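Okay, structure first, notes after.
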Amino acid sequence: MRSRVALVTGGGSGIGQGIALAPAAQGHRVAVLDRVEEAAHAVAGEIREAGLTAEARRLIGPAIVWLAFTV
């Protein structure tokens, strides 16, 4: 199966965190975006600790969506 990237805005906490963890558990790469950079990094770190691929970015505007595709 070809790997896909899940782009999750608001992925640093709550429902967004759960949404970020689900595709990671299926082996997809995840871009965790959140206005709170530390929260995004914490969730991406949790995903990486499980041996999976994730990157975190602070959600600062539309341009960040383009950057997220470099995961």
Side-chain angles (χ1 to χ4, degrees):
M1 180 176 191
R2 200 171 76 182
S3 179
R4 296 184 180 184
V5 176
L7 178 70
V8 183
T9 59
S13 64
I15 294 170
Q17 180 179 3
I19 292 171
L21 297 174
Q26 295 177 359
H28 301 299
R29 298 177 295 162
V30 179
V32 182
L33 307 178
D34 201 283
R35 289 183 294 163
V36 180
E37 187 173 9
E38 295 80 13
H41 282 286
V43 173
E46 181 179 342
I47 293 169
R48 286 192 299 269
E49 285 177 8
L52 304 166
T53 304
E55 291 292 329
R57 300 281 191 273
R58 180 170 175 247
L59 184 59
I60 54 174
I64 198 66
V65 174
W66 179 82
L67 289 174
F69 285 99
T70 62
V71 173

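Everything quoted here is computed from the prediction, not taken from an experiment.
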Starting at CD of E55, measure out to CG of L7 and round the result to the nearest 0.5 Å. 12.5 Å

Correct closest heavy-atom pair for D34 and G12 would be OD2-N, 2.9 Å

When the side chains of residues 41-49 are checked against the rest of the protein, which donor-acceptor pairs come out under 3.5 Å, sequence neighbours left out?
residue: H41; atom: NE2; partner: E37; partner atom: OE2; Å: 3.4
residue: E46; atom: OE1; partner: Q17; partner atom: NE2; Å: 3.3
residue: R48; atom: NH1; partner: A54; partner atom: O; Å: 2.8

d(R58 CZ, R35 CZ) to nearest 0.5 Å is 9.5 Å

Minimum heavy-atom separation for G11 to A20, with atom names? O-CB, 4.5 Å

Might you point out which heavy atoms bring G16 and V8 nearest each other, and give the distance in Å? O-CG1, 3.5 Å

About how many Å separate CD of E38 and OG of S13, when rounded to the nearest 0.5 Å? 12.5 Å

